[in-house]
Chemist: 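Quick one: this structure, given as structure tokens, is what I'll be asking you about.
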Amino acid sequence: LIKIAIASGKGGTGKTTLAVNLAKIIAERSKVVLYDLDVEEPNCNLFLKMTEFNQVVSNRQIPALNKDKCTYCGICSQKCEFNAIVVANNYFELFPQLCHSCGRCINVCPSGALAERSDRLGEISFYENEVLELVEGKLDIAVYQSKTLIHDVKLRNPQKVVKPEVVLYDCPPGNSCPVVEALKGVDYAVLVTEPSPFGLHDLAISVEITRQMQLAQGVVINRSSDHDDIIENFCRDAGIPILAKIPYRREIAEKCARGELIDSIPEYRSMLQDLMDNIFEKL
Amino acid sequence: MKEIIIASGKGGAGKTGFCAVLCTLLGKNAVCVDADVDAANLNLLVEKNRIEGHDFISGYKAVINTQVCNGCGACEAVCRFDAIGKLDSKYSIDELSCEGCGACRDVCEYNAIDWHANHCGDWFISDTKFDSWLVHARLNPGGENSGKLVAEIRRAAKQLGSRIKADYILIDGPPGIGCPTISALTGTDLLIMVAEAGISGIHDSIRLLEIARQFQIETVCIMNKTGVNVDAESDFKEFLKTNNIPLIGEIPFNEEFMMLLNQQKTWLETKDPAVKKTLEGIWQNLQVIL
């Protein structure tokens, strides 16, 4: 099983475009499961239009108080590093948005007054079509813990594809903890960028993360133009291969805006095939 | 002092580009805040000099002292974040996975776990090419506490704003609708939503609007990159109308913005008179609201 992540520091560089098109191309020769880990804004199925066949709720565990046992000693509150618990005279309150579900309060409670209860993060949906399966996480509105949901989505096995050969992760944008969670355990990271000062700046931060995680990686330049040298120079100095270039064309922007795949156009189809070959060669 | 946030749900919709436009137009009346702390780009367009730099320290990280560790594994069993692992009979903690909860310290009988204040990043105050001020940050790569860092730089911007008697705090929001976005949105007076006019951009904008509604934030919308999916656009306009969200401008898809960005110029420096006129129209509409 090969796990490939599609990530980028900057948002809107084309992660999802690449993930859905690449998933379809890879599916022509291997059994693929695509995971939409951009749980705050999952968009893969806007393009793939697959059929949902199952949906489950994703919960995390947060402390629940048994009032009969609590002595209001305040140890849980003192030990919580996230200031998620307030205890005063006969008063206990948990602020779920601050809770990291670490379980420390439960471990340290001397009177066994804390247990765990489920707290809803969002939904995990399973979709299928003739060639692949999609597992999608969707964070509930006004929930903070996207990282925890990403962790849960990655733990879910596909339900239709038996023994998948390739897993593709469409990662969240940015360079903070959600993307680290998404990148954990992958064999290869494809970093999508655009040839602009913004693209370069955010790519350089992403590379610091992938380096720290010791991941094999390559770069795809989207909206490729005559300014590509800004990315090419960086990649040369950093020793990172450029796997593919997607040209900056109105035609592609239109297809993406309509939720269409680009693999039907021969030029892009062969570009995607080359990209796939390039990645598998590196593994 | 009014706090205005520019957000979009989707990344790459044009938040920073439009924020730079407002930064120019509001000039010394504004303190700008780049709340996209893990991929901050506004400074690349507007920063002149970095005036102040501050450490951002939040929470803790646990580190195992291998000299003292006897390898019992109690810490690994209690860690909920899979941050602790064994290598060559010694345990160690993955810095990127550790959330600093301290549960491991409670169970270590050998006091082998050190506890360090977590330096998660830095934040800065800069002046800009346009007489406005900029408060921005750099979260350490892969770092935590982005929401707290956003809160911290918003606090700093407010202090600076009241000192220099600025009329506006202008926040360039992060993508998404999670922790840092909520932190950037909370308590603002106006959301300028930059909606990218494709199916992803529209889908993401609608999720952002759900949050804005929960937080009861007045919202206006600018559509960016219009003309590439006219059907979705007109549906979205209906949606905005139904939800009483004023559409204050539409910027057509154009290749020039990318070129301007590469010359580190703002959209206002466009050579296309139609785009220029559109931006002026948006500014006029905004002045009525502000």
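Every chain is numbered from 1 and lettered A, B, ... according to where its sequence line falls, protein lines coming before strand lines.
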Chemist: Regarding B:Lys10 and A:Glu41, does a basic nitrogen lie under 4.0 Å from an acidic carboxylate oxygen?
Modeler: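 Salt bridge: no.
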Chemist: Work out which heavy atom in B:Ser200 is nearest to a heavy atom in A:Phe47; give both atom names and the distance.
Modeler: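 Heavy atoms of B:Ser200 and A:Phe47 come nearest at OG-CE1, 3.4 Å.
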Chemist: Pick whichever of B:Val107, B:Leu139, B:Leu96 has the most heavy-atom pairs under 4.5 Å with chain A.
Modeler: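 Most heavy-atom pairs within the cutoff with chain A belong to B:Leu96.
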Chemist: Atom CD of B:Gln263 and atom NE2 of A:His227: how far apart are they, to the nearest 0.5 Å?
Modeler: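 Answer rounded to 0.5 Å: 6.5 Å.
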Chemist: Check each atom of B:Ser183 against the heavy atoms of chain A and say whether the ones under 4.5 Å are side chain, backbone, both or neither.
Modeler: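 Neither; nothing under 4.5 Å.
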Chemist: So which part of B:Ile182 gets closer than 4.5 Å to some heavy atom of chain A, the side chain, the backbone, both or neither?
Modeler: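 For B:Ile182, the side chain is the part near chain A, not the backbone.
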Chemist: Looking at B:Glu99 and A:Lys147, is there a salt bridge between them, counting it only when a charged N and a carboxylate O are closer than 4.0 Å?
Modeler: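 Looking at B:Glu99 together with A:Lys147, the answer is yes, because their closest N to O distance falls below 4.0 Å.
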Chemist: Looking at B:Pro174, B:Ala39, B:Gly9, which one has more heavy-atom pairs under 4.5 Å with chain A than the rest?
Modeler: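 The option with the most such pairs is B:Ala39.
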Chemist: Highest number of heavy-atom pairs under 4.5 Å with chain A: which of B:Leu208, B:Ile177, B:Val78?
Modeler: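 Highest number of heavy-atom pairs under 4.5 Å: B:Ile177.
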Chemist: Chain A heavy atoms under 4.5 Å from B:Ala13: which part of the residue, side chain, backbone, both or neither?
Modeler: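 Neither; nothing under 4.5 Å.
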Chemist: What residue, out of B:Glu95, B:Arg207, B:Gln214, has the most heavy-atom pairs lying under 4.5 Å from chain A?
Modeler: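 Top option by heavy-atom pairs under 4.5 Å: B:Arg207.
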Chemist: Hey, which residues of residues 224-237 of chain B are touching chain A, say heavy atoms under 4.5 Å apart?
Modeler: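 B:Gly227, B:Val228, B:Asn229 fall under the 4.5 Å cut-off.
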Chemist: Would you indicate whether the side-chain heavy atoms of B:Pro141 and A:Asn175 approach each other to under 4.5 Å?
Modeler: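 No. Closest side-chain heavy atoms not under 4.5 Å.
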Chemist: Based on non-hydrogen pairs under 4.5 Å, which of B:Cys101, B:Pro175, B:Gly12 is most in contact with chain A?
Modeler: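 Going by pairs under 4.5 Å, I would pick B:Cys101.
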Chemist: Who among B:Asn145, B:Val37, B:Asn41, B:Ile199 has the most heavy-atom pairs with chain A under 4.5 Å?
Modeler: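 Top option by heavy-atom pairs under 4.5 Å: B:Asn41.
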Chemist: Find out whether B:Arg138 and A:Ile205 are in side-chain contact, i.e. whether some heavy atom of one side chain is under 4.5 Å from a heavy atom of the other.
Modeler: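 Yes, close enough: below the 4.5 Å cut-off.
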